[in-house]
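Working notes, structure below.
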Amino acid sequence: MSVRVRFAPSPTGFLHIGSLRTALFTYLIAKSGGGKCILRIEDTDQEREVEGAVESLIEILRWVGIVFDEGPHVGGNYGPYTQTERVDIYDKYARILLEKDGAYRCFCTPERLKEMREEQRINKLPTRYDRRCRNLTDAEISERLESGEAFVIRQKMPLDGDVVVYDGIQGEIRFDASHLDDHVLVKSNGIPTYQFANVVDDHLMEITHVTRADEWIPSFPKNVLLYRAFGWDMPEFVHYPVILNKGGGKLSKRHGDVMVEEFRDKGYLPDALVNFCVLLGWHPKDDNEILSFHELERNFDMKSIGASAAIFDTDKLDYFNGYYIRHMLPNDLLSVCLPYLINADLIKAVNDDGFEIVKSGKVVGRNYLEGVVALEQERIKKISDVVGAVDFFFVDELEYAPELLIWKKMTAGEARTNLDNLLKILDAVPVDSWNAAVLEEVIGNHIKSAGLNVGSVLWPFRVSLTGRKASPGAFEVASVLGKEETLRRMGKAIKQV
RNA sequence: GGUCCCAUCGUCUAGUGGCCUAGGACGCUGGCCUCUCACGCCGGUAACGCGAGUUCGAAACUCGCUGGGACCA
């Protein structure tokens, strides 16, 4: 039987990082097993519908690389894939379950339930439904039904014995049936609860591996009992360990970013996020931790998912992001950087290939920008860092303290002289051979023949071009800047120092 | 409070009774490279929660404790 798994989120508008990891593991189980991954929208518990939530969910998942074989947006043979469109189905199966004696109607009012709980609390008893309606006679039921009393449908739990369930990660788990509550399967308004809809859908959609986060383990025996009550074949259950925040608690907004959209906007690459998240609770057989999406699709192994919770610490995410940035093609890097540069008002798009430098009004091509961005490729950790890293390319007048031009213990006069001499030499370099390699050779020769310290020439030179203590190398910057602008910046520096 | 789960460096983890004076990655750190930063390379730092047992031998198996977490209230 081929693998069929599903990712079944509630559409809240944003994708939580924990959900991303659940989606990833689930998707990778499907792909590595040559199976299908289905998207199902679980919206029966929605307080209010969030506009466009499903679309943005699908979009952000596609951004990370997850595409579904079936779902509300692509269809499939097991639809509909949105639970609110399946209420007739749940209704039908609720009746079946009632007939099979796996559930019963409960007419207790919310007020009575509240009183009951209050009493249980006072007597320090576990607060559970007291099963008053569990053994109503057929006559009583039809009478109350006819008089129009509202009712919910509750699952009929065994009164004693053990419920032994098996999880793909944790192994055997044993529950004492007497602790199980006759919980609600269908609410009085006819809407099923998560527990019920989930089981019915998983069965009807022929899901082979029911995957979800650890936090659902408490309802695991109830699910298993439902399958048994229906007489359905049991799928395999896989509960992923949870992800905790640094303090050890549930991963929530209070401790920093937890939404995938936030990471995307900050300039994290999907590959990095995926690589990082997949390692939260899973580890490859060999120790190669740099794994492309494609490699994961092939080599993911469900058996290597660990059992203990992982803490969400983004240090390593930054490392992965830097790594993936360094390995991008220059053109691709520019494409992802462009929105940030434009947004920061450094440049403006004027046509397909033309960009105006806002400060100077000069128009440059994609080529030029590619050169600029490439210089910071090995330095930035996030795409958004590019703005602060390359801004010196886009200003008219560099602002820096003149003393910065002075290298180590040299004097201002020496700095000026060295810059001045270098200026003359560079002036002689023809524009068409103005590139980093030529500059390196020319300047190298000059330093050698003049018997100077490398730093005493290169430091003032580089600072004159960048205005910074730390920056890419002098030759590369000069090369990208071009002859004219390089000489102009040097001239200004000479006057200042 | 009840039920369940989990427990190796700061973090992610490898580890299925002898290959473990515990391996990898990130972080931190020393060095090399170098005009600076970054990259890269070489090195260092640092962990089996505690206590019993099983065994010739335990990070690994069992039990208890402790700690953390999830769920229900």
Side-chain angles (χ1 to χ4, degrees), chain A residues 18 21 117-118 120-121 124-129 163 165 167 169-181 183 213-222 239-251 275-291 303-323 325-327 375-381 385 389 404-408 410 415 418 440 443-444 447 452-477:
Chain A
R21 214 245 348 220
R117 267 185 230 115
E118 199 52 47
Q120 286 168 336
R121 195 167 352 211
K124 291 207 172 15
L125 291 164
T127 47
R128 264 179 288 159
Y129 179 57
V163 182
V165 297
D167 177 74
I169 292 171
Q170 324 230 320
E172 193 178 282
I173 308 175
R174 193 173 287 267
F175 294 86
D176 184 341
S178 66
H179 289 295
L180 265 22
D181 192 8
H183 71 299
D214 224 348
E215 66 206 58
W216 293 104
I217 286 186
S219 60
F220 190 4
K222 301 173 184 178
H239 289 91
Y240 308 135
V242 291
I243 302 177
L244 273 21
N245 67 48
K246 275 195 187 173
K250 206 174 183 182
L251 189 56
N275 203 150
F276 173 71
C277 283
V278 83
L279 256 21
L280 253 28
W282 177 83
H283 201 268
K285 282 270 183 291
D286 58 19
D287 276 328
N288 176 25
E289 294 191 347
I290 301 281
L291 293 152
K303 290 191 201 73
S304 304
I305 300 176
S308 58
I311 288 173
F312 189 68
D313 181 348
T314 53
D315 273 353
K316 202 165 180 173
L317 171 60
D318 284 347
Y319 165 77
F320 279 127
N321 208 47
Y323 178 88
I325 287 173
R326 266 174 262 136
H327 288 78
L375 287 195
E376 293 292 347
Q377 184 159 15
E378 60 188 32
R379 273 164 260 266
I380 58 176
K381 286 263 193 287
D385 293 342
L404 196 59
L405 288 161
I406 301 161
W407 184 62
K408 286 187 179 169
M410 75 195 297
N418 288 355
E440 182 165 5
I443 297 173
I447 291 170
L452 292 164
N453 263 322
V454 177
S456 73
V457 174
L458 289 185
W459 176 276
F461 178 41
R462 190 177 56 75
V463 171
S464 74
L465 303 182
T466 63
R468 292 178 181 221
K469 206 150 54 174
S471 79
F475 309 124
E476 288 79 12
V477 173

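Residue numbering restarts at 1 for every chain, and letters A, B, ... go by the order of the sequence lines.
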*Go through the steps to decide whether A:Phe175 and A:His179 satisfy the test ring-ring contact (aromatic ring centres under 6.0 Å, His included), and finish with yes or no.*
CA-CA 8 Å; A:Phe175 294 86; A:His179 289 295; 9.7 Å; no
*Any luck finding a side-chain donor-acceptor pair between A:Glu215 and A:His239 under 3.5 Å?*
no
Interatomic distance where [atom1] belongs to [X] and [atom2] belongs to [N] [whole Å]:
{"X": "A:Phe220", "N": "B:C72", "atom1": "CZ", "atom2": "C1'", "answer": "18 Å"}
{"X": "A:Ile406", "N": "B:U36", "atom1": "CD1", "atom2": "P", "answer": "17 Å"}
{"X": "A:Lys246", "N": "B:G27", "atom1": "NZ", "atom2": "P", "answer": "13 Å"}
{"X": "A:Ile305", "N": "B:U16", "atom1": "CD1", "atom2": "P", "answer": "19 Å"}
{"X": "A:Asn321", "N": "B:C12", "atom1": "CG", "atom2": "P", "answer": "20 Å"}
{"X": "A:Glu378", "N": "B:A38", "atom1": "CD", "atom2": "P", "answer": "11 Å"}
{"X": "A:Ile243", "N": "B:A70", "atom1": "CD1", "atom2": "P", "answer": "13 Å"}
{"X": "A:Leu244", "N": "B:G67", "atom1": "CG", "atom2": "C1'", "answer": "13 Å"}

[N] and [M]: how far apart are their [atom1] atoms, nearest whole angstrom?
{"N": "B:A25", "M": "B:G15", "atom1": "C1'", "answer": "16 Å"}
{"N": "B:C20", "M": "B:G30", "atom1": "C1'", "answer": "27 Å"}
{"N": "B:U45", "M": "B:G24", "atom1": "C1'", "answer": "15 Å"}
{"N": "B:U62", "M": "B:U54", "atom1": "C1'", "answer": "7 Å"}
{"N": "B:A46", "M": "B:C65", "atom1": "P", "answer": "34 Å"}
{"N": "B:A14", "M": "B:A73", "atom1": "C1'", "answer": "40 Å"}
{"N": "B:C48", "M": "B:U21", "atom1": "P", "answer": "14 Å"}
{"N": "B:U29", "M": "B:C37", "atom1": "P", "answer": "14 Å"}

Which part of the nucleic acid, if any, lies within contact of [X], taking any heavy atom under 4.0 Å across all strands shown: a base, the sugar-phosphate backbone alone, or nothing?
{"X": "A:Arg468", "answer": "nothing"}
{"X": "A:Lys250", "answer": "sugar-phosphate"}
{"X": "A:Gly322", "answer": "nothing"}
{"X": "A:Ala310", "answer": "sugar-phosphate"}

*Could you pick out which residue, A:Asp181 or A:Lys285, lies toward the 5' side of RNA chain B when each is mapped onto its nearest nucleotide?*
A:Lys285
*Polar pair under 3.5 Å, donor/acceptor by atom type, side chain A:Glu289, base B:G24*: yes
_B:C39 base / A:Arg326 side chain donor-acceptor hit below 3.5 Å_ = no
*In B/S/- notation, 5' to 3', how is nucleotides 2-8 of chain B contacted by protein heavy atoms closer than 4.0 Å?*
-SSSSS-
*Walk me through it: do A:Asn245 and A:Lys250 pass the test side-chain contact (heavy atoms from CB on, under 4.5 Å)?*
CA-CA 6 Å; A:Asn245 67 48; A:Lys250 206 174 183 182; 5.6 Å; no
Using purine N1 to pyrimidine N3 plus N6-O4 or O6-N4 for Watson-Crick, or N1-O2 and O6-N3 for G-U wobble, both under 3.5 Å, which nucleotide pairs with [N]?
{"N": "B:A70", "value": "B:U3"}
{"N": "B:U55", "value": "none"}
{"N": "B:G43", "value": "B:U29"}
{"N": "B:U21", "value": "none"}
{"N": "B:G64", "value": "B:C50"}
{"N": "B:U16", "value": "none"}
{"N": "B:C35", "value": "none"}

Please pick, from [options], the nucleotide with the shortest atom-to-atom distance to any side-chain atom of [X].
{"X": "A:Asp315", "options": "B:C26, B:C35, B:C37", "answer": "B:C26"}
{"X": "A:Trp459", "options": "B:C26, B:G24, B:U36", "answer": "B:U36"}
{"X": "A:Asp313", "options": "B:A25, B:G23, B:U11", "answer": "B:U11"}
{"X": "A:Glu215", "options": "B:G23, B:C71, B:A25", "answer": "B:C71"}
{"X": "A:Ala470", "options": "B:A25, B:A38, B:U36", "answer": "B:U36"}

For the residue pair [X] and [Y], establish whether any side-chain heavy-atom pair is separated by less than 4.5 Å.
{"X": "A:Val457", "Y": "A:Trp407", "answer": "no"}
{"X": "A:Pro241", "Y": "A:Ile305", "answer": "yes"}
{"X": "A:Asn418", "Y": "A:Met410", "answer": "yes"}

Give a yes or no on whether the backbone of [Y] and the side-chain of [X] come within a donor-acceptor separation of less than 3.5 Å.
{"X": "A:Arg21", "Y": "A:Leu280", "value": "yes"}
{"X": "A:Ser456", "Y": "A:Asn453", "value": "yes"}
{"X": "A:Trp459", "Y": "A:Leu404", "value": "yes"}

Give each protein N/O atom lying under 3.5 Å from an N/O atom of nucleotides 46-48 of chain B, with the pair distance.
none

*asked:* Quick one, A:Lys246 with A:Asp313, criterion side-chain contact (heavy atoms from CB on, under 4.5 Å). Give me CA distance, side-chain angles, the key distance, then yes/no.
replied: CA-CA 6 Å; A:Lys246 275 195 187 173; A:Asp313 181 348; 3.4 Å; yes
*For A:His183 and A:Arg128, what are the C-alpha separation, side-chain angles and deciding distance, and is it a side-chain contact (heavy atoms from CB on, under 4.5 Å)?*
CA-CA 8 Å; A:His183 71 299; A:Arg128 264 179 288 159; over 6 Å; no
*asked:* A:Phe276 and ring pair (Phe, Tyr, Trp, His ring centres under 6.0 Å): which single residue from A:Trp282, A:Tyr319, A:Phe312, A:Tyr323 fits?
replied: A:Phe312
